[in-house]
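One structure below.
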Amino acid sequence: MVLSLQRLRIPPLFSTVAICAFATASTPAGLGSLSTAAEFFPGEIWRDTAGVAINAHGGGILLHDGTYYWFGEHKIGGGAGNRAQVGVHVYTSRDLYSWIDGGIALAVSDDPGSELVRGCILERPKVIFNPRTRKFVMWFHLEPPGKGYAGARSGVAVADAPTGPFKFLGSLRPNAGVWPANVPEEWRHPLDEVELAAVRQLELPGGPLPYYPKNKIFRRDFAGGQMARDMTLFVDDDGTAFQIYASEDNGAMHISQLSDDYLRPAGKYIRILPGRFNEAPAMMKWHGRYFLFTSDCTGWAPNAARLAAADSIWGPWEELGNPCSGTGAQIANTFESQSTFILPVAGRSDAFIFMADRWRPQNAIDGRYVWLPIVFRHDVPMIAWRDAWSLGEFDHPK
Ligand code: GAL
């Protein structure tokens with residue numbers, strides 16, 4: 001029954017419900033067990049097993065004990081949905097196609113004194129599991145209310161179970177009082193009064209500018225901590241975790257090691273691609289090489305993706321260009337989307353999913369998910385459009 005529905009290209013609502021019924025009525029769904037009976041439909045409305053549109057934007061996925069946990073921003077309708085009115089939503093899946101609503105993993109607060117008060121900006125939540133402490137640790141971009149995007153802080157929350165409830169521990173600007181590991185000695189001093197006054201004169205609205213000072217902003221922020229806006233987390237093979245965030249008024253990315261408990265910066269970081277204004281970081285590792293997908297910096301409007309690579313996470317990082325292939329428009333606007341996470345698919349080699357958001361800032365809840373398979377071309381991860389695709393793609397590398 002499911003297969004015939006799929007062949008008829010029934011819209012996602014019905015196919016997802018059918019798949020869910022199939023999964024619960026017959027076998028407990030194992031990893032990949034439904035892969036022949038389901039597809040991804042990038043950009044379409046994607047419903048959970050109850051038939052409700054999945055609400056997990058700017059998200060990331062944790063695989064834990066055979067279950068995938070998809071965390072993302074819960075949006076509401078209209079422009080108000082661009083601020084956090086509810087919190088971080090979590091969905092669970094065993095096969096990546098059908099998702100069960102796991103509720104709100106981290107809720108906003110009604111305490112007006114809380115940084116996490118309803119109406120704050122809470123973006124790009126990512127969750128990792130710490131095997132030493134057995135805690136689930138969430139990091140996200142947090143802007144306490146009333147200051148637009150000037151706060152540029154990282155929120156941290158922790159839970160005993162992957163679906164939460166997560167407890168908000170507080171926010172920080174990473175790496176206060178620490179110099180980046182990859183800057184020369186002569187830059188390792190805070191700005192003097194004259195330099196500070198000059199920097200204060202600059203208009204730095206967070207986008208590319210010809211007069212952007214490439215070696216001053218991290219020095220300005222040395223004492224108070226580095227700005228951190230768009231962010232992701234990445235756990236390396238040895239369990240070392242990293243926060244990767246757009247810093248320095250978005251002018252540079254930082255790669256910052258987390259402490260052993262993943263709750264704070266470890267005190268070692270580098271700045272990469274200064275003056276390039278990258279956002280939306282998403283990292284993967286393949287055959288020992290690190291790849292960082294980012295976007296350009298144009299707010300909610302989609303733009304051309306960028307790819308950088310390095311043999312060590314500590315660099316040097318090399319820009320490779322735009323990882324998209326397709327029509328001119330698709331290459332220029334990343335299939336009308338902006339990266340948020342790269343998901344390694346369990347149980348399959350060389351299998352990674354590029355996860356991105358098609359934002360709808362006028363009606364935030366209607367933002368769509370663009371998931372596409374990564375295809376390796378000459379050892380470089382690339383992305384091309386699919387109207388519909390399945391994990392079977394990874395069985396037949398092209
Ligand atoms: C995007 C960013 C989003 C959000 C938005 C606000 O560039 O990736 O996470 O911050 O800007 O305009």
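All figures in this text were calculated on a predicted structure; none of them were measured in a lab. As the structure lists them, so they are numbered: ligands from 1, and atoms in each ligand from 1.
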When you check the gap from the basic side-chain N to the acidic O, do [X] and [Y] get nearer than 4.0 Å?
X	Y	result
D366	K75	no
K135	D160	yes
D110	R118	yes
R124	E279	no

- Task: Tell me yes or no: between the side chains of D238 and T240, is some donor less than 3.5 Å from an acceptor?
- Result: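 Yes - a donor-acceptor pair under 3.5 Å links their side chains.
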- Which protein residues have a heavy atom closer than 4.0 Å to any atom of ligand 1, listed by chain and number? E123, R124, Y149, D230, E279, G299, W300, Q338
- Message: Would you say the rings of W314 and F242 are close, in the sense that their centroids are separated by under 6.0 Å?
- Response: yes
